[in-house]
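Below is one structure, written out as structure tokens; the observations come after it.
Computed from a predicted model, the values in this text were never measured in an experiment. Proteins get letters first, then strands, A, B, ... in listed order; numbering begins at 1 in each.
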Amino acid sequence: MLALHFLRALVRINQTSDPSRCIVAQRSRRIKLAAYASIALAAGRRRAWSRAVLCSLHGRRACRVRALSRRRVSSGKKAKGVHPTEQREGGGQVGELRRLVPGGRSMELCTLLEEAGSYIQCLTAQVQLMNMIADSMSK
Amino acid sequence: MSSRRSGSRITEDDLNELVAKLQSLLPEARRRSMGRASASKLLKETCSYIKSLQREVGDLSDRLSDLMSSLDDNSAQAELIRSLLR
């Protein structure tokens, strides 16, 4: 399922992008977004992290330029710290985990750990898939 | 486990359960290198693992993008991708 979503996205990206070298970086960004979309679609809407990824991608598709500048501003805000009513056990590490897992800021601690586990599994599968594709394209 | 935990302190049992849960999320190699770990160390290792996976996705995206630049429409690789999607 994951492979299907991602390969379709790769073909789409290949068909719609200009082969000139100056936008290799742009295509790389599109591939990265396709990777996250694929793992979110494969995980389905039952996971909070996958819903969060799909929501943010939907917003991104609607207005790419604004989303980029918003991310720069909001990443500064994220660094200022977590919500005061959140548990502080584990020190800043819980806060960091909340920042890393999509949608993590509004989760209860137990849920955060479950979601982190699912997210890690899907990221690992995506990395394996991308390695396989890259290796087969390098031959 | 109670779902009403926001704002109240975690008990020792809850903490042990969380530690065990976290430890099972990590791959074998990272688990082995940690030995007996505190919750804080485990959280740190989990965060570091997620960051490394995200970094790998970024690096692989760069690599795929480079490879796609050299991908010819009629090449065997393009055919491979097309055939996988049939």
Can you get from [X] to [Y] by hopping between Ile, Leu, Val, Met, Phe, Trp and Tyr side chains that sit under 4.5 Å apart?
X       : Y        : result
A:Leu7  : A:Ile13  : yes
A:Trp49 : A:Leu41  : no
A:Tyr36 : B:Leu64  : yes
B:Leu43 : A:Ile120 : yes

Discussion item. Working note: B:Gln54 + A:Leu100, criterion side-chain contact (heavy atoms from CB on, under 4.5 Å); need CA distance, chi angles, decisive distance, verdict.
Written reply: CA-CA 9 Å; B:Gln54 289 175 333; A:Leu100 288 170; 3.7 Å; yes

Discussion item. One pair to check against side-chain contact (heavy atoms from CB on, under 4.5 Å): A:Lys32 and B:Asp62. What are the steps and the verdict?
Written reply: CA-CA 8 Å; A:Lys32 195 159 114 176; B:Asp62 289 337; over 6 Å; no

From [X] [atom1] over to [Y] [atom2], what is the distance, rounded to the nearest 0.5 angstrom?
X        : Y        : atom1 : atom2 : answer
B:Leu67  : A:Ile133 : CG    : CD1   : 10.5 Å
B:Glu56  : A:Thr124 : CD    : OG1   : 8.5 Å
A:Met130 : B:Asp59  : CE    : CG    : 9.5 Å

Fill in: Heavy-atom proximity to chain B below 4.5 Å, by part of A:Ala35
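For A:Ala35, the contact with chain B is made by the side chain alone.
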
Item to complete: Walk me through it: do A:Tyr119 and B:Leu53 pass the test side-chain contact (heavy atoms from CB on, under 4.5 Å)?
Response: CA-CA 10 Å; A:Tyr119 186 49; B:Leu53 285 169; over 6 Å; no

Discussion item. Quick one, A:Glu96 with B:Lys51, criterion salt bridge (Lys or Arg N to Asp or Glu O under 4.0 Å). Give me CA distance, side-chain angles, the key distance, then yes/no.
Written reply: CA-CA 10 Å; A:Glu96 179 154 18; B:Lys51 279 193 273 196; 2.5 Å; yes

Item to complete: Return the option, out of A:Val101, A:Leu97, A:Val127, with the maximum number of heavy-atom pairs under 4.5 Å with chain B.
Response: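 It is A:Val127.
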
Fill in: A:Ser28 versus B:Ser65, closest heavy-atom pair with distance
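Taking every non-hydrogen atom into account, N-OG, 3.4 Å.
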
Practice prompt. Identify the two heavy atoms, one from B:Met68 and one from A:Met137, that lie closest to each other, and give their separation to 0.1 Å.
Written response: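 Looking at all heavy atoms of both residues, the shortest contact is CG-CE, 3.6 Å.
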
Worksheet item: B:Leu60, B:Val57, B:Thr46: which one forms the most heavy-atom pairs within less than 4.5 Å of chain A?
Response: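 Heavy-atom pairs under 4.5 Å are most numerous for B:Leu60.
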
